[in-house]
Amino acid sequence: MFDVKKIRKDFPMIQNHPELVYFDSGATSFKPNSVIEAINHFYCFSTANVHRGDYPIAFENSRAYDAVRGKVARFLNASEDEIVYTKGDTDGLNMLALMLKDEYIREGDVILTTESEHASSVLPWFEIAKEKHAEIRYIPLGSEGEVTMEAFASVMDETVKIVACTQVSNVLGHINPIKEMTALAHQYNALMIVDGAQSVPHIKVDVKDLDCDFLAFSAHKMLGPSGAGILYGKKELLDSLKPLYYGGDSNARFNKNCELVLKKGVQRFESGTPAIEQIIGLGAAVDYLSEIGMDNIHAYECELKDYLVQELLKLDNVIVYNPHTDTVIVSFSLKGIFSQDVASYLGSQNIAVRSGNHCAKMVKDIIGIDETLRASLYFYNTKEEIDKLVGVLKETTLEKCIDLFI
Ligand SMILES: Cc1ncc(COP(=O)(O)O)c(C=O)c1O
């Protein structure tokens, strides 16, 4: 039984800021006690490096750290040898693009993506396209930034080598049809790379079912700490890649003749002391989310989304850009007021939303406006908090926003 009141007690940020309405979880989420305790345990009882020490605390720590790979694998329906620890979504996507470029991209090849991508999903490919004289091509998007299979099929051909697409846009919130897109991409022998930054925290993501080749995400948007993330890759593809980084822990042996034997499996990609406590924190976050159930989380978030959109649409002074969003990411603006000024005013009323282009700087061409307000909720939010936002928006005027700065 999904009980938001009970859930809210698990989050110190909610307990310590009872007046705050936090609608910026798309930027980063709050952390439950269990995650904080797991990280604290490392600092207070179990500080040691992993895979190096021969004493009990080092063993305990290595076990806790290694166990997260299995938790994440089960969470995504993957195998442990398909889960690479990274520093976050951006790290995973950049690392992957750099590892793939020489094998997969030749002059004239096409990298297919969308104009609703976050910078981290496209900028690595922009650089590679310049270097390799490849083409960046865009899937035409619907009026709310959604990908349809018709539009995808219309730009797909045998020159496409990579499809780099977000599963859920961080501005427009639609769930793109990744499973169907992957099937078509594979018919053309293209690789399907999915940015899961805004999907993995909110919906059940089953990589076997999607059949995507790679998927990246960050821990900090799904109740975990910053500085950790995951790159999922199909085993046979990961096995074929040359690591980007070299150093301790990833090698089995090397000698002065520059002969290097890397470890087998995903540890080949994990050189150097990792973000140990962050990965352990990610494991605790996965436990917490799994306990509640991703389907329950998504169902509750859909209720919140329907209510938020319904209430915003009642306001004459508000324009909603994605009323048909599939997740609880809603972009809107107030007629005649600069969004950052509205965000500052909302901030002064203890309501946290984000304003701007949300690191997805091409979205403006789809929705026809440079910057918006984004309310991005999570399953710890409530309808009462939505009422507070809507009540304040109703009363927000240009004069009140200007008064803030005088
Ligand atoms: C869709 C999407 N992709 C990628 C990122 C980058 O994530 P991170 O900054 O955690 O690496 C974000 C962050 O907002 C995002 O929303």
Distance-only donor-acceptor check, side chains [X] and [Y], under 3.5 Å:
X: Tyr188; Y: Thr159; value: no
X: Thr28; Y: His220; value: yes
X: Ser271; Y: Ser250; value: yes
X: Glu144; Y: Tyr321; value: no
X: Glu117; Y: Thr114; value: yes
X: Ser120; Y: Thr90; value: yes
X: His51; Y: Asp249; value: yes
X: His133; Y: Asp109; value: no

Got a second to check how far [X]'s [atom1] is from [Y]'s [atom2], nearest 0.5 Å?
X: Phe152; Y: Thr148; atom1: CZ; atom2: OG1; value: 10.5 Å
X: Met1; Y: Asn296; atom1: CE; atom2: CG; value: 10.5 Å
X: Leu241; Y: Leu96; atom1: CG; atom2: CG; value: 7.0 Å
X: Met95; Y: Leu100; atom1: CE; atom2: CG; value: 10.5 Å
X: Tyr307; Y: Asp387; atom1: OH; atom2: CG; value: 3.5 Å
X: Leu377; Y: His202; atom1: CG; atom2: NE2; value: 9.5 Å

With heavy-atom distances below 4.5 Å as the criterion, would you say the side chains of [X] and [Y] are in contact?
X: Met99; Y: Lys242; result: no
X: Thr166; Y: His118; result: no
X: Trp125; Y: Ile193; result: yes
X: Gln167; Y: Leu210; result: yes
X: Ile7; Y: Ile292; result: yes
X: Arg8; Y: Thr382; result: yes
X: Leu231; Y: Asp89; result: no

Short question: side chain of [X], backbone of [Y] - any donor-acceptor pair under 3.5 Å?
X: Ser199; Y: Val168; answer: no
X: Thr327; Y: Gly173; answer: yes
X: Arg74; Y: Glu80; answer: no
X: Asp206; Y: Lys208; answer: yes
X: Asp326; Y: Ile175; answer: yes
X: Tyr85; Y: Val266; answer: no
X: Lys31; Y: Leu223; answer: no
X: Ser240; Y: Leu237; answer: yes
X: Asn49; Y: Arg52; answer: no
X: Lys221; Y: Ser29; answer: no

Item to check | From CA spacing to verdict: side-chain hydrogen bond (donor to acceptor under 3.5 Å, both in side chains), His41, Glu60 | outcome: CA-CA 11 Å; His41 181 83; Glu60 184 207 321; 3.2 Å; yes

Nearest atoms (heavy-atom pairs only) where [X] meets [Y]:
X: Gly26; Y: Gln198; result: O-NE2, 3.0 Å
X: Thr182; Y: Asp211; result: CG2-O, 3.2 Å
X: Ala151; Y: Pro140; result: CB-O, 3.2 Å
X: Met156; Y: Leu112; result: SD-CD2, 3.7 Å
X: Thr86; Y: Ile230; result: OG1-N, 3.3 Å
X: Leu373; Y: Ser333; result: CD1-CA, 4.2 Å

So, are [X] and [Y] salt-bridged, with charged N and O less than 4.0 Å apart?
X: Lys179; Y: Asp209; value: yes
X: Arg69; Y: Glu270; value: yes
X: Arg374; Y: Asp24; value: yes
X: Arg253; Y: Glu259; value: no
X: Arg354; Y: Glu371; value: no
X: Glu107; Y: Lys132; value: no
X: Arg137; Y: Asp157; value: yes

Checklist entry - Passes side-chain contact (heavy atoms from CB on, under 4.5 Å), Leu76 versus Phe217? Steps please. => result CA-CA 11 Å; Leu76 299 176; Phe217 56 94; 3.8 Å; yes

Checklist entry - Between His186 and Asp213, is a side-chain hydrogen bond (donor to acceptor under 3.5 Å, both in side chains) present by the stated rule, with each step listed? => result CA-CA 10 Å; His186 287 169; Asp213 298 300; 2.8 Å; yes

Item to check | side-chain contact (heavy atoms from CB on, under 4.5 Å) evaluation trace for Tyr345 with Ile337 | outcome: CA-CA 11 Å; Tyr345 181 68; Ile337 318 183; over 6 Å; no

Next on the checklist: If you apply the rule side-chain contact (heavy atoms from CB on, under 4.5 Å), what do you find for Val320 with Val330, and how did you get there?
Outcome noted: CA-CA 7 Å; Val320 180; Val330 179; 3.9 Å; yes

Checklist entry - Checking side-chain hydrogen bond (donor to acceptor under 3.5 Å, both in side chains) for the pair Asn61/Ser46: CA distance, chi angles, key distance, verdict? => result CA-CA 6 Å; Asn61 228 8; Ser46 180; 3.2 Å; yes

Checklist entry - Please walk me through it: do Lys130 and Glu127 pass salt bridge (charged side-chain N to carboxylate O under 4.0 Å, His left out)? => result CA-CA 5 Å; Lys130 277 183 232 158; Glu127 291 305 299; 2.8 Å; yes

Checklist entry - Taking the six-membered ring for Trp, are the ring centroids of Phe2 and Tyr300 within less than 6.0 Å of each other? => result yes

Item to check | Aromatic ring pairing Tyr380/Phe30, orientation class (parallel under 30°, perpendicular over 60°, tilted between) | outcome: parallel

Item to check | Glu82 vs Lys234, salt bridge (charged side-chain N to carboxylate O under 4.0 Å, His left out): CA-CA, chis, key distance, verdict | outcome: CA-CA 6 Å; Glu82 296 176 317; Lys234 281 183 177 160; over 6 Å; no

Item to check | Identified salt bridge (charged side-chain N to carboxylate O under 4.0 Å, His left out) counterpart of Lys383 within the set Glu311, Glu303, Glu301 | outcome: Glu303

